[in-house]
Engineer: 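Just passing along the structure, written as structure tokens.
The first residue of the sequence shown is numbered 1, and numbering continues consecutively from there.
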Amino acid sequence: MNNYERHTVSNDLLFFEPYAAAQSLKNAWTRLASTYGCIMIVLSRETLIIKPHWFARWILSLLALDLNHEILTNNIKGITEVGKWFSYGKVELHFVTVEGADRRIWLYMKKYQEFIDKVKNIIG
């Protein structure tokens, strides 16, 4: 069990996908890159964590791809299924960062429908 799983077990883990992909819609630069299998998604009642794995963290940070977020669930503004990408479902997540910035990010997940359902149950 890694740190994120340990953190959320006590924080009521609702969803975990260890090898997702993501693409930030922050600007033209961040839209250029995707991260096949490098992103971990952890959802609890209070937080949604979107973080790169240790092996990708330094390069994603260096390239400023905006793919490292800990989001309070009450800062999630919306979630929409966008389509499919190979065997992954593509989901657009709309949220507000800790700094108050409005963001959208695409998440590519195998268990995308479960994720959508869990998020919608939380945000109402």
Side-chain angles (χ1 to χ4, degrees):
M1 185 179 290
N2 63 41
N3 287 337
Y4 298 114
E5 289 174 282
R6 271 194 291 276
H7 166 74
T8 55
V9 166
S10 63
N11 201 11
D12 202 9
L13 178 66
L14 298 175
F15 179 86
F16 177 67
E17 182 138 354
Y19 299 105
Q23 185 176 10
S24 174
L25 304 177
K26 179 180 177 182
N27 58 44
W29 171 251
T30 63
R31 291 173 194 230
L32 290 174
S34 184
T35 55
Y36 180 75
C38 296
I39 300 293
M40 182 182 334
I41 300 171
V42 182
L43 177 66
S44 72
R45 294 196 187 281
E46 290 84 24
T47 59
L48 170 60
I49 298 170
I50 301 168
K51 300 238 181 200
H53 285 279
W54 65 270
F55 58 85
R57 191 171 299 138
W58 69 273
I59 190 70
L60 296 181
S61 177
L62 180 68
L63 294 174
L65 294 180
D66 189 45
L67 295 175
N68 192 351
H69 297 282
E70 187 163 343
I71 305 158
L72 296 175
T73 53
N74 61 355
N75 285 345
I76 297 173
K77 301 303 174 197
I79 187 164
T80 307
E81 181 180 345
V82 179
K84 296 268 190 181
W85 181 70
F86 296 98
S87 63
Y88 288 78
K90 184 177 174 183
V91 174
E92 184 173 308
L93 180 74
H94 179 205
F95 63 98
V96 176
T97 66
V98 175
E99 297 82 19
D102 191 62
R103 288 279 196 284
R104 292 182 188 270
I105 191 170
W106 284 341
L107 301 171
Y108 302 84
M109 298 173 282
K110 297 247 183 209
K111 300 183 295 183
Y112 69 98
Q113 194 60 58
E114 179 186 345
F115 179 73
I116 291 169
D117 292 343
K118 300 276 183 174
V119 170
K120 283 185 175 182
N121 282 337
I122 291 172
I123 65 174

Engineer: Applying the 4.5 Å side-chain criterion to the ILVMFWY set and letting contacts propagate, would V98 and I76 be lumped into a single cluster?
Structural biologist: no

Engineer: Rounded to the nearest 0.5 Å, what separation is found between the CG atom of L48 and the CG atom of L72?
Structural biologist: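 Going from the CG atom of L48 to the CG atom of L72 covers 10.0 Å.
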
Engineer: Looking only at heavy atoms, which two atoms of K110 and S87 are closest? And how far apart?
Structural biologist: NZ-OG, 2.7 Å

Engineer: Applying a strict under-4.5 Å side-chain criterion to I, L, V, M, F, W and Y, I'd like to know whether Y112 and I122 cluster together.
Structural biologist: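 Looking at the clustering, I122 is in the same group as Y112.
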
Engineer: When rounded to the nearest 0.5 angstrom, what is the spacing between CD in E17 and CG in L107?
Structural biologist: 9.5 Å

Engineer: Over all heavy atoms of both residues, which pair between A20 and I41 is shortest? Give the atoms and the distance, please.
Structural biologist: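 Minimum heavy-atom contact is CB-CD1, 3.6 Å.
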
Engineer: With rounding to the nearest 0.5 angstrom, report the CG to CD1 distance, L25 to I105.
Structural biologist: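 Reported value, rounded in 0.5 Å steps: 7.5 Å.
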
Engineer: Only pairs at least two apart or in different chains count here, so list each side-chain hydrogen bond (donor to acceptor under 3.5 Å, both in side chains) that has a residue in residues 114-124.
Structural biologist: Q113-D117

Engineer: Of all heavy-atom pairs between V91 and V82, which one has the smallest distance, and what is that distance?
Structural biologist: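 Smallest interatomic distance, heavy atoms only, reads C-CG2, 4.2 Å.
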
Engineer: If you compare all heavy atoms of I116 against all heavy atoms of E81, which two are closest, and at what distance to 0.1 Å?
Structural biologist: CD1-CB, 3.8 Å

Engineer: Measure the spacing between CG of D12 and OG1 of T47 and express it to the nearest 0.5 Å.
Structural biologist: 10.5 Å

Engineer: Within a strict 4.5 Å, meaning less than it, do heavy atoms of the D102 and H94 side chains meet?
Structural biologist: yes

Engineer: Kindly work out whether a path of hydrophobic side-chain contacts (I/L/V/M/F/W/Y, heavy atoms less than 4.5 Å apart) joins L13 to I49.
Structural biologist: yes

Engineer: What's the separation between atom CG in L14 and atom CG in L43, rounded to the nearest 0.5 Å?
Structural biologist: 5.0 Å

Engineer: Just to verify, what does F15 make a ring-ring contact (aromatic ring centres under 6.0 Å, His included) with, not counting sequence neighbours?
Structural biologist: F115

Engineer: With no hydrogens and no angle check, is any side-chain donor or acceptor of K111 less than 3.5 Å from a backbone partner on F16?
Structural biologist: yes

Engineer: So, does E92 use its side chain to make a donor-acceptor pair with the main chain of R104 at under 3.5 Å?
Structural biologist: no

Engineer: Going from CE on M40 to CG on N68, what distance comes out if it is rounded to the nearest 0.5 angstrom?
Structural biologist: 10.5 Å

Engineer: For the pair Y88 and W85, name the ring-plane relationship: parallel under 30°, tilted 30 to 60°, perpendicular over 60°.
Structural biologist: tilted

Engineer: Looking at S44 and T73, what are the two nearest heavy atoms and their distance?
Structural biologist: O-CG2, 3.5 Å

